[in-house]
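Hydrogens, waters and symmetry mates are skipped; everything else that's a heavy atom, side chains included, is used.
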Amino acid sequence: MWVYYWIKGACNIIYRRHGDWHTTYHRIITFQISLLCIGFNIFCFFTITYKLEELLEDPNIFADFEFLGYWQIQFNNAVAVCVFFAWFKLFKYISFNKTMTQLSSTLSRCAMDIAGFAIMFFIVFFAFAQLGYLLFGTQVRDFRKFMDAIFTLLRTILGDFNFHEIEEANRVLGPIFFICYVFFVYFVLLVRDDPYWKL
């Protein structure tokens, strides 16, 4: 069945240049991940059977399942991504509903605007994350790695921040960093792009 959908998706890409390309790619990605998961499941079954046979022959031999444990985690991640993409297929089946059609058409019309805003937002956001990492990385636990700085600044957008730690790390640059970040990221980027400003 997956071969049929994969071939059908490839034909859609070739013959419909401007048509339904995003759902075709979605279908191909979903079935490739599914194929990978099926293959890994078969591999696990035979490998575990072989290891258990070795273990039953000589119980004094240590059976190392660490390799399979690592790949089982990767398998779980692949299945999670596959199920995530599969849920988006519901949009296709509920398109008869007027409300759901409005939702999908709104998302498709504003995709370019969202992409442009995301590029602008993440340039400013990563600049502040790098600045926070370099300024406070050695003194504040939340900024000790660049990825930690990114998550800390995302939490700051949601209102979860520890202002006193960055103030104690640097009495001058700490408050300046915090005020500039809140001003630029929240007020300038998030609020300024609100459609009500255009009325």
Side-chain angles (χ1 to χ4, degrees), residues 2 5-37 74 76-137 142-143 145-161 176-199:
W2 64 267
Y5 283 113
W6 197 88
I7 292 172
K8 185 178 177 199
C11 291
N12 283 344
I13 291 173
I14 294 169
Y15 296 117
R16 291 186 198 175
R17 298 188 180 204
H18 299 291
D20 205 16
W21 62 270
H22 57 282
T23 55
T24 303
Y25 279 119
H26 170 264
R27 190 178 300 131
I28 289 173
I29 288 171
T30 303
F31 282 106
Q32 285 179 344
I33 294 173
S34 300
L35 177 65
L36 184 70
C37 291
Q74 304 312 316
N76 293 344
N77 295 339
V79 168
V81 170
C82 187
V83 170
F84 175 76
F85 281 124
W87 271 101
F88 284 107
K89 286 191 168 201
L90 286 179
F91 282 115
K92 178 181 177 183
Y93 300 116
I94 57 177
S95 60
F96 62 87
N97 187 334
K98 184 180 177 184
T99 305
M100 297 312 293
T101 304
Q102 286 177 345
L103 174 64
S104 60
S105 64
T106 301
L107 289 174
S108 62
R109 285 180 186 170
C110 69
M112 292 304 292
D113 291 333
I114 290 175
F117 171 75
I119 291 170
M120 179 180 66
F121 174 79
F122 282 112
I123 288 172
V124 174
F125 181 78
F126 285 132
F128 273 103
Q130 187 71 46
L131 178 63
Y133 169 66
L134 293 174
L135 285 177
F136 313 116
D142 290 340
F143 289 93
K145 296 178 187 172
F146 182 65
M147 287 303 295
D148 291 341
I150 289 173
F151 288 122
T152 301
L153 293 182
L154 284 173
R155 284 175 34 222
T156 302
I157 292 174
L158 300 174
D160 179 21
F161 56 86
I176 292 173
F177 169 81
F178 181 77
I179 291 169
C180 289
Y181 174 72
V182 169
F183 178 76
F184 280 109
V185 171
Y186 186 75
F187 291 109
V188 175
L189 291 179
L190 297 182
V191 176
R192 177 66 181 91
D193 206 52
D194 196 303
Y196 295 113
W197 281 60
K198 298 173 185 175
L199 296 178

A side-chain contact here means heavy atoms from C-beta on lying under 4.5 Å apart; do Phe146 and Phe126 qualify?
yes
Check ring-ring contact (aromatic ring centres under 6.0 Å, His included) between Tyr181 and all other residues, then give those that pass, not counting sequence neighbours.
Phe128
Residues that Phe143 engages under ring-ring contact (aromatic ring centres under 6.0 Å, His included), provided they are two or more places apart:
Phe136
Check side-chain contact (heavy atoms from CB on, under 4.5 Å) between Ile176 and all other residues, then give those that pass, not counting sequence neighbours.
Val172, Cys180
Would you tabulate the side-chain donor-acceptor contacts of residues 150-161 under 3.5 Å, counting partners in other chains and residues two or more places apart, or write 'none'?
{"unit_1": "Thr152", "atom_1": "OG1", "unit_2": "Asp142", "atom_2": "O", "d": "2.7"}
{"unit_1": "Thr152", "atom_1": "OG1", "unit_2": "Asp148", "atom_2": "O", "d": "2.7"}
{"unit_1": "Arg155", "atom_1": "NE", "unit_2": "Asp160", "atom_2": "OD2", "d": "3.0"}
{"unit_1": "Thr156", "atom_1": "OG1", "unit_2": "Thr152", "atom_2": "O", "d": "2.8"}

List, one per line, each side-chain donor-acceptor pair under 3.5 Å for residues 115-124, sequence neighbours excluded.
none

Please, which pairs that meet salt bridge (Lys or Arg N to Asp or Glu O under 4.0 Å) have at least one residue in residues 176-186, sequence neighbours excluded?
none
For a quick test of reading the model, state the closest non-hydrogen atom pair linking Lys145 to Tyr133 and the distance between them.
C-CD1, 3.6 Å
Taking all atoms of both residues into account, what is the closest heavy-atom pair of Ala129 and Ala149, and its distance?
O-CB, 3.6 Å
